[in-house]
Amino acid sequence: MGSVSGKFASLRNLLVRVLLFSILVILGRFAYIVTIAGESCSIGDFCFFSLPENFNFMIAGGGRVGSAALITDNTDSRVIGPPRPDLYSSEDWIKTVQFYSSVFQDLVTEGYLSSNSKVLCIETPAGADVSALKEIGVSDSVGIFKKALKPHVIKGEAHRIPFEDKTFDFVFSGGGRLDISHRPYDFASEIARILKPEGFAVVHVSAKDTYSFNSFVDLFNCCKILKSKDIDNFLPSMPFTREYVLKKEFRILENRLQKLDGDSYKKNCSVPGYKLALVRNAEPLILEEPLKPWLTLKRNIQNIKYLPSMAEISFKNRYVYVDVGARSYGSSIGSWFKKQYPKQNKTFEVYAIEADQTFHEQYRSKKRVTLLPYAAWVRNETLAFEINKDPGQEMEDKGSRGMGRIQPVKSSGHFNGEVNQIQGFDFATWLKNTVSEKDFVVLKMDVEGTEFELIPRLFETGAICLIDEMFLECHYNRWQRCCPGERSRKYEKTYSECIDLFASLRQSGVLVHQWW
């Protein structure tokens with residue numbers, strides 16, 4: 001009897017283990033589908049056999065679990081996920097489909113879209129625009145999103161569209177998806193790639209200012225903008241919509257490639273009118289020399305009209321902040337740019353250019369910050385780096401380290417302070433090799449008088465046209481903070497010469513702000 005009971009217990013333990021193992025396998029499969037594959041789960045996902053590509057399962061029974069009806073259709077095999085009857089009958093869905101139906105019917109009337117068009121809708125979470133297309137008779141249409149949802153949306157992303165070149169007659173991007181894209185350049189490039197020659201693309205954006213319009217034009221360098229119009233949108237998240245209709249034309253692309261032959265920028269680049277308009281709207285320059293410039297900074301920084309506060313900065317390939325003369329991380333990057341500069345939720349690449357090795361170590365732990373441990377200069381050469389303190393300060397006082405100034409080695413013989421030899425580099429050439437006209441570039445320059453050499457070099461090379469916004473501290477023989485009535489002997493330039501420098505930058509179309 002004991003032997004029989006033992007065998008029964010062993011069999012029971014074995015069955016329990018097999019059951020637990022089966023459950024773990026199913027849970028593992030579920031976790032893979034949802035978290036790794038990034039897709040919704042359908043009945044076929046849990047089957048350990050392949051289903052025919054043109055078969056989908058539909059559960060009948062008004063929301064309760066009932067018998068499974070096998071439906072044969074021609075839906076793309078990449079469309080997966082359970083049907084969403086609750087979504088498709090909701091008021092928001094019906095209004096969205098009606099809105100897109102109205103948009104597409106206008107485009108049909110104007111000749112940009114037809115029932116024979118092969119259409120792709122980009123970044124459409126539920127496929128309301130695809131549904132609208134099918135309702136008006138454009139049957140050969142499909143949408144893409146990072147997670148697929150049948151019957152209209154397959155898995156795909158705007159920066160990596162899963163179709164061959166020159167596949168579609170018409171491409172649509174709605175809902176301001178391009179505005180919020182982290183990779184707008186790839187977004188636009190993929191549209192150009194999959195669009196047939198002479199095909200049309202329609203893009204809905206929320207930005208409406210001249211600056212963003214020109215950025216948009218630069219993104220779609222393959223296409224000609226045929227028209228734009230404003231549309232009243234019912235969506236609370238996007239009350240304003242501007243519609244652009246583009247046509248892919250190789251002639252435009254060829255002409256623009258020819259302009260880029262050789263040097264990307266001619267020495268005397270021209271600044272477009274829309275940038276000049278921003279300069280005219282900037283805060284006025286402080287023409288009268290302040291007696292206490294260190295206090296003037298605190299007041300003036302409240303009056304600065306930042307470019308992102310005057311214009312939409314979407315549709316740029318990258319967002320870059322360059323701090324020339326960065327000193328410590330907390331000097332301006334951490335204390336001002338990270339906290340106060342209006343970035344419109346864009347992620348900026350940060351370059352810190354600082355020759356003083358005292359500050360280098362703290363940058364090692366800073367993410368998204370690239371340190372260039374050299375001196376920005378007009379050419380590549382060895383320089384003398386002079387550390388000078390304000391009167392009354394001891395050189396050993398590490399808490400009040402003086403400002404560094406670079407000089408050619410041969411001209412530094414009369415200086416009595418701390419002098420080190422450092423490597424200078426051609427900053428204008430580096431800038432041209434690092435960023436492009438498709439990037440949004442913010443520059444802060446605090447280089448202890450070297451601005452009078454660096455800025456002319458930026459104009460000479462045309463690199464000045466790559467800068468969207470500049471914050472410049474101009475160094476002059478200012479009144480000493482420690483010694484009332486005495487001017488600094490460190491700099492030879494006067495305040496009026498600094499004003500001339502700022503005025504020349506603004507007259508040339510550079511949105512520059514006074515920094516102290």
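Not measured: the values here are computed from a predicted model.
Taking the side-chain hydrogen bond (donor to acceptor under 3.5 Å, both in side chains) definition, one finds that T494 meets it with S496, E497, sequence neighbours left out. Judged as a ring-ring contact (aromatic ring centres under 6.0 Å, His included), and not counting sequence neighbours, the contacts of Y495 are Y476. Qualifying ring-ring contact (aromatic ring centres under 6.0 Å, His included) partners for Y274, counting only residues two or more places apart in sequence or in other chains: Y211.
For F163 and F168, the distance between ring centers is under 6.0 angstrom. Annotation: F216 is in aromatic contact with F315 [ring centroid separation under 6.0 Å]. Aromatic ring centres of W430 and Y351: separated by under 6.0 Å. In summary, the aromatic rings of H159 and Y185 are positioned with their centroids too far apart to meet the 6.0 Å limit.
Side-chain N or O atoms of Q362 include none that pairs as donor or acceptor with a backbone N or O of S328 at under 3.5 Å. A donor-acceptor pair under 3.5 Å is formed between the side chain of S335 and the backbone N or O of G330. D439 contributes a side-chain N or O that, together with a main-chain N or O of S436, makes up a donor-acceptor pair within less than 3.5 Å. A distance-only check finds no donor-acceptor pair linking the side chain of S181 to the backbone of R177 [under 3.5 Å]. For E451 (side chain) and G449 (main-chain N/O), a donor-acceptor pair under 3.5 Å exists by modelled atom type. The backbone N or O of T210 sits less than 3.5 Å from a side-chain atom of N214, completing a donor-acceptor pair. Of the possible donor and acceptor atoms, none in the side chain of S131 sits under 3.5 Å from a partner among the backbone N and O of G127. A distance-only check finds no donor-acceptor pair linking the side chain of K118 to the backbone of F170 [under 3.5 Å]. For T434 (side chain) and L431 (main-chain N/O), no donor-acceptor pair under 3.5 Å exists by modelled atom type. In this structure a side-chain-to-backbone donor-acceptor pair under 3.5 Å is present from E354 to R327.
Residues S314 and D179 have side chains that never bring a donor and an acceptor to within less than 3.5 angstrom of each other. No donor-acceptor contact under 3.5 angstrom links the side chains of Y306 and E283, judged on distance only. D446 and H475 form a side-chain donor-acceptor contact under 3.5 Å, judged by distance and modelled atom types alone. Residues S212 and D209 have side chains that bring a donor and an acceptor to within less than 3.5 angstrom of each other. If you check the side chains of W336 and S332, you find no donor sitting under 3.5 Å from an acceptor.
Residue H204 comes nearest to G174 through the heavy atom pair CB-CA, 4.0 Å, listed as atom of the first residue, atom of the second, then distance. Listed here is the closest heavy atom pair of D92 and T96: O-OG1, 2.7 Å. The shortest non-hydrogen separation linking T124 to C121 is CG2-O, 3.7 Å. Listed here is the closest heavy atom pair of I333 and A326: CD1-CB, 4.4 Å. Shortest non-hydrogen contact noted between L511 and D468 is CB-O, 3.8 Å. The shortest heavy-atom contact between L149 and A126 is CD2-CA, 4.0 Å.
Put simply, CD1 on I161 and CD1 on I191 are 6.0 Å apart, with the number rounded to the nearest 0.5 Å.
Inter-residue side-chain proximity for V510 and V279 is flagged as unmet; no heavy-atom pair is nearer than 4.5 Å. Taking 4.5 Å as the limit, every side-chain heavy atom of T370 sits out of range of all side-chain heavy atoms of V350. Residues V378 and E460 form no side-chain contact, since every pair of their non-hydrogen atoms from C-beta on lies 4.5 Å or further apart. Residues L307 and L278 have side chains in contact (heavy-atom distance under 4.5 Å, counting atoms from C-beta outward).
For K208 and F240, the positive end sits near the middle of the six-membered ring, less than 6.0 Å away and at most 45° from its axis. Within the cation-pi definition used here (under 6.0 Å to the ring centroid, within 45° of the axis), K444 does not qualify as a partner of Y321. Under the 6.0 Å distance and 45° angle rule, K343 counts as a cation-pi partner of F337. Taking the ring axis of F440 as reference, the NZ or CZ atom of K316 does not stay both within 45° of it and closer than 6.0 Å to the ring centre.
Salt-bridge annotation for K438 and D218: absent, with no side-chain N of the basic residue lying under 4.0 Å from a carboxylate O of the acidic one. The pair R379-D426 does not meet the salt-bridge criterion, since no charged nitrogen lies less than 4.0 angstrom from a carboxylate oxygen.
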Item checked: Check against salt bridge (charged side-chain N to carboxylate O under 4.0 Å, His left out), K247 and E198 -> CA-CA 6 Å; K247 183 178 182 181; E198 307 299 313; 3.1 Å; yes
Next item on the list: Could you walk me through whether K227 and E110 pass the salt bridge (charged side-chain N to carboxylate O under 4.0 Å, His left out) test, one step at a time?
Entry: CA-CA 11 Å; K227 61 170 291 188; E110 293 163 351; 3.0 Å; yes
Check: Do I144 and V153 pass the side chain to side chain contact (heavy atoms under 4.5 Å, CB included) test, and can you show the C-alpha distance, the side-chain angles, and the key distance before you say yes or no?
Finding: CA-CA 5 Å; I144 61 168; V153 182; 5.6 Å; no
Next item on the list: Show the numbers, then the answer: is there a side chain to side chain donor-acceptor pair (under 3.5 Å) between Y319 and Q344?
Entry: CA-CA 11 Å; Y319 298 86; Q344 295 186 6; over 6 Å; no
Next item on the list: Could you walk me through whether R368 and E349 pass salt bridge (charged side-chain N to carboxylate O under 4.0 Å, His left out), step by step?
Entry: CA-CA 6 Å; R368 297 183 180 275; E349 301 172 35; over 6 Å; no
Check: Under the side chain to side chain contact (heavy atoms under 4.5 Å, CB included) criterion, do L219 and S215 qualify, and how do the steps go?
Finding: CA-CA 6 Å; L219 274 185; S215 300; over 6 Å; no
Next item on the list: For V447 and E473, run side chain to side chain contact (heavy atoms under 4.5 Å, CB included): C-alpha distance rounded to whole Å, both residues' side-chain angles, the deciding distance at 0.1 Å, then the answer.
Entry: CA-CA 8 Å; V447 287; E473 179 172 353; over 6 Å; no
Next item on the list: Begin with the C-alpha distance, continue with both residues' side-chain angles, and end with the deciding distance and a verdict on side chain to side chain contact (heavy atoms under 4.5 Å, CB included) for I286 and Q514.
Entry: CA-CA 8 Å; I286 301 173; Q514 287 173 291; 3.6 Å; yes
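Only one option out of V202, V119, L113 pairs with F104 in a side chain to side chain contact (heavy atoms under 4.5 Å, CB included); it is L113.
Atom CG of N345 has 12 or fewer heavy atoms from other residues, nucleotides or ligands within 6.0 Å. When the shell of 6.0 Å around OH of Y374 is examined, it contains 12 or fewer heavy atoms from other residues, nucleotides or ligands.
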